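In what follows, a structure is listed as structure tokens, so that the remarks can point back to it.
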Amino acid sequence: MSEKQKFQAIKGTRDLLPPETALWNHVEHTAHAVFSTFGFGEIRLPIFEPTELFARAVGGETDIVSKEMYSFPDPFDLGELYARFRSLESISPGAGHFASIAGLSPDNQMISLRPEATASVCRAYIQHGMHSLPQPVKLYYTGPMFRRERPQKGRYRQFYQIGAEVLGGTDAPAIDAEVIEMVMTFFARLGLAGVKLDINSIGCRECRPEYVKLLKAELSKPEIKEKLGADSQRRIETNPLRVLDSKLESEQPIIEKLPRIAEHLCAACAAHYASVKHNLVLRNVAYHENWRLVRGLDYYMRTTFEITAPGLGSQNAVCGGGRYDGLIEILGGLPTKGIGFAIGEDRLILSLQEAGKAPAPRRLDVYVAWMGEKAYDTAVRAARALRGAGFAVELPATAQKFGKALGHADKLGARYALILGEDEVASGQWTLKTLSDGSQSKFTEPELLAHLKL
RNA sequence: GUGGGCGUAGCUCAGCUGGUAGAGCGCCGGUCUGUGGCACCGGAUGUCGCGGGUUCAAUCCCCGUCGCCCACCCCA
């Protein structure tokens with residue numbers, strides 16, 4: 001970086017600028033509108049939580065927790081000692097590092113920027129005794145998540161998710177189907193084209209371990225294992241289900257012949273899955289069964305789903321979700337049913353943009369072209385009145401040549417220029433020019449407001 | 001963590017086998033202190049990402065480094 005441009009956004013973070021932000025707002029407003037019609041209320045959550053919360057929910061040995069979270073000792077809890085070392089940093093480089101080491105003592109809490117929000121929602125459900133509300137509790141959220149990994153298309157270190165969770169009450173398949181219906185409705189409302197819904201059931205605590213054991217045994221057979229790539233060979237031990245996810249062309253024929261979980265579900269899970277599908281048909285939701293769709297984390301069970309959209313590159317999932325009936329209990333709550341999803345907002349926006357869904361251009365109604373210091377007071381008054389009536393108004397801060405002013409109005413895309421010079425101030429007859437055709441006419445202030453409101 | 005591609009003006013890019021930089025767009029100003037879009041004229045911003053090497057001479061070749069992008073890994 002040159003001396004001139006010293007600072008830039010940290011790797012994997014980015015600025016969202018107008019007019020693109022208009023599209024973000026549109027997406028979020030649409031989410032609010034659609035989710036409300038399904039009876040969901042918004043929850044706003046902290047963006048940092050105790051590291052332990054994520055370690056428990058997501059799993060301490062996962063890459064997410066062990067490598068990809070932004071974690072640090074809470075400077076507040078570290079108190080005087082930490083603060084003192086930090087303050088020494090400028091005169092004694094390394095002091096801060098020492099403080100960090102000191103901060104790892106059991107007395108001090110580690111905190112993390114949230115890598116996802118499901119754990120926080122569950123924590124809030126427990127903390128606020130939501131089990132005593134009418135069940136189930138239906139919540140949605142939007143906001144930034146943080147994950148320390150190599151950025152690529154549609155993947156950032158600070159990324160945004162729109163998610164929803166249904167907690168408590170029944171695990172009836174109707175709920176799974178309705179949650180999926182809600183996402184699909186949301187995407188349809190946005191005009192997102194080419195979406196594909198994949199669903200699967202990954203069984204429960206009873207039947208999944210049996211299947212995993214079977215799968216692992218199969219994968220471990222020498223004649224199969226030797227045909228797999230290094231990554232998949234490693235997964236046989238670490239997470240055999242993920243072998244099914246492999247994108248390697250050479251592995252596809254092998255994977256096709258592996259045992260499928262749908263054929264090894266217990267009776268209860270099989271019935272649940274069948275009913276989810278039936279309920280999707282009832283709701284007119286088109287789905288593809290994808291027996292290879294798995295979730296990486298242990299707490300997921302039964303229904304899993306994923307929605308892909310075009311234009312996203314390698315990371316083409318725009319929404320992922322599933323049932324996690326055990327999670328609240330893991331976090332110290334009562335046994336509680338749960339299902340939810342998270343939408344990758346960055347990817348959703350990207351897909352909308354690729355499809356040419358341009359953001360609504362900034363609307364500017366009136367450019368106040370005032371001339372001469374004598375007209376300034378009137379210009380301010382006009383701008384206040386117009387804005388008060390809800391119009392978007394640009395009031396130049398400094399005097400400029402008249403031709404310049406109109407040129408500026410044109411570049412800003414204003415619909416009208418309100419021309420205020422000595423004549424107008426003297427007569428009280430303001431000149432309104434329509435930029436598109438160049439026509440203009442005179443109005444008093446009240447007439448002008450009435451005219452523009454038409 | 002691994003691999004590949006790319007770094008030249010605010011943006012998109014050109015720059016031949018090495019001779020210390022250009023275009024378009026945009027921005028600002030002028031022609032034009034009461035009439036915009038058009039046209040014409042002018043202007044500014046670059047240590048050609050940074051450091052080193054080879055060379056009489058490096059934007060160009062070599063090495064390193066940083067940054068960005070894409071993919072792998074992983075995936076909430």
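No experiment lies behind these values; they were computed from the predicted model shown. All chains are named by letter (A, B, ...) in the order of the sequence lines, taking the proteins before the strands, and each is independently numbered beginning at 1.
- Comparing B:G3 with B:U20, their P atoms sit 38 Å apart, to the nearest whole Å.
- The base of B:A71 is not paired with the side chain of A:Gln315 by any donor and acceptor separated by under 3.5 Å.
- If you take atom P in B:A44 and the same atom in B:G24, they sit 15 Å apart, rounded to whole Å.
- For A:Ile419, counting side-chain heavy atoms from C-beta on, the closest listed nucleotide (B:G34, B:C75, B:A71) is B:G34.
- Note on A:Gln400: nothing from the nucleic acid sits closer than 4.0 angstrom, heavy atoms only.
- Among the atoms of the strands shown, only primed sugar atoms or phosphate atoms (P, OP1, OP2) are found under 4.0 Å from some heavy atom of A:Gly313.
- Closest approach to the A:Arg235 side chain among B:A71, B:C74, B:G36 is made by B:C74 (side chain taken as heavy atoms from C-beta onward).
- Separating the CD atom of A:Gln8 from the C1' atom of B:C50 is a distance of 13 Å, rounded to the nearest angstrom.
- Considering only heavy atoms from C-beta on, A:Glu149 comes within 4.5 Å of A:Arg155 through its side chain.
- The aromatic ring centres of A:Trp370 and A:Tyr376 sit less than 6.0 Å apart.
- When rounded to the nearest whole Å, the span between CG of A:Asp231 and C1' of B:G1 equals 12 Å.
- One interatomic measurement links the two molecules: CZ of A:Phe7 to C1' of B:C66, which rounds to 16 Å at whole-angstrom precision.
- Across B:U8 and B:C56, the matching C1' atoms stand 25 Å from one another, rounded to whole Å.
- Nearest-nucleotide positions on RNA chain B place A:Leu435 closer to the 5' end than the other of A:Leu435 and A:Pro151.
- Among the atoms of the strands shown, base atoms are found under 4.0 Å from some heavy atom of A:Asp423.
- Using a 4.0 Å heavy-atom cutoff across all strands shown, A:Ser246 reaches no nucleic acid atom at all.
- The nearest whole Å value for the distance from the CG atom in A:Leu17 to the P atom in B:G26 is 20 Å.
- To the nearest 0.5 angstrom, A:Gln252 atom CD is 5.5 Å from A:Ser246 atom OG.
- Among the atoms of the strands shown, only primed sugar atoms or phosphate atoms (P, OP1, OP2) are found under 4.0 Å from some heavy atom of A:Arg234.
- Using atom P as the reference point in both B:C62 and B:C16, the two lie 15 Å apart (nearest Å).
- Consecutive pairing runs in RNA chain B reach the stem threshold at B:1-7 with B:66-72, B:10-13 with B:22-25, B:27-31 with B:39-43, B:49-53 with B:61-65, where a stem means at least three Watson-Crick or G-U wobble pairs with distances under 3.5 Å.
- For the atom pair OG1 (A:Thr303) and CD1 (A:Ile175), the distance works out to 11.0 Å, reported to the nearest 0.5 Å.
- Proximity of the aromatic rings of A:Tyr367 and A:Tyr416 is defined here by a centroid distance below 6.0 angstrom, and this criterion is not met.
- Side-chain proximity of A:Gln152 to B:G36, B:C73, B:C68: nearest is B:C73.
- Set against B:C73, B:G37, B:A76, the side chain of A:Asp410 has B:G37 as its closest nucleotide.
- B:C72 and B:A58 have their C1' atoms separated by 36 Å, given to the nearest Å.
- Using a 4.5 Å heavy-atom threshold, the side chains of A:Ile254 and A:Ile224 count as touching.
- Here the CG atom belonging to A:Asp198 is positioned 9.0 Å from the OG1 atom belonging to A:Thr304, to the nearest 0.5 angstrom.
- Between the C1' atoms of B:U45 and B:G22, the separation comes to 15 Å (whole Å).
- Counting non-hydrogen atoms under 4.0 angstrom, A:Lys404 reaches the backbone sugars and phosphates but no base.
- For A:Lys401, whose side chain is taken as the heavy atoms from C-beta onward, the closest listed nucleotide among B:A76, B:U33, B:U35 is B:U33.
- Rounded to an integer number of Å, the gap from CG of A:Leu350 to C1' of B:C70 is 13 Å.
- For A:Glu249, the CD atom is loosely surrounded, since the number of other residues' heavy atoms within 6.0 Å does not exceed 12.
- For A:Ala342, the listed nucleotide lying nearest its side chain is B:A76; candidates were B:G30, B:A76, B:C69.
- Side-chain proximity of A:Arg155 to the nucleotides B:C73, B:A76, B:C68 is greatest for B:C73.
- Using bins of under 30°, 30° to 60° and over 60° for the plane-to-plane angle, the ring pair A:Phe40/A:Phe35 lands in the tilted bin.
- The gap from the C1' atom of B:C74 to that of B:G15 amounts to 42 Å, rounded to the nearest Å.
- Applying the 4.0 Å criterion to OP1 and OP2 of B:G36, one finds that A:Lys433 has every side-chain N and O outside that range.
- Note on A:Gly421: a base of the nucleic acid sits closer than 4.0 angstrom, heavy atoms only.
- Heavy atoms of A:Glu424 sit under 4.0 angstrom from at least one base atom.
- Regarding contacts with the backbone of B:C28, a side-chain N or O of A:Lys411 is found under 4.0 angstrom from either OP1 or OP2.
- Distance check on atom C1': B:C6 versus B:A14 gives 16 Å, rounded to whole Å.
- Atom NZ in A:Lys67 sits roughly 15 Å away from atom P in B:A76 (whole-Å rounding).
- Contact annotation: side chain of A:Arg147 to base of B:A76, donor-acceptor pair present below 3.5 Å.
- Annotation: cation-pi geometry satisfied between A:Arg14 and A:Tyr156 (NZ/CZ under 6.0 angstrom from ring centroid, within 45° of ring axis).
- Atom pair A:Leu406:CG and B:G37:P shows a separation of 9 Å (rounding to whole Å applied).
- At the heavy-atom level, A:Ser314 lies under 4.0 Å from the strands shown only through sugar-phosphate atoms.
- For the pair A:Ile162 CD1 and B:A76 C1', the computed distance is 15 Å after rounding to whole Å.
- Closest non-hydrogen pair, A:Glu218 versus A:Pro259, comes out as CG-CD, 3.9 Å.
- Residue side chain A:Arg150 does not reach the base of B:C69 through any donor-acceptor N/O pair under 3.5 Å, judged by distance alone.
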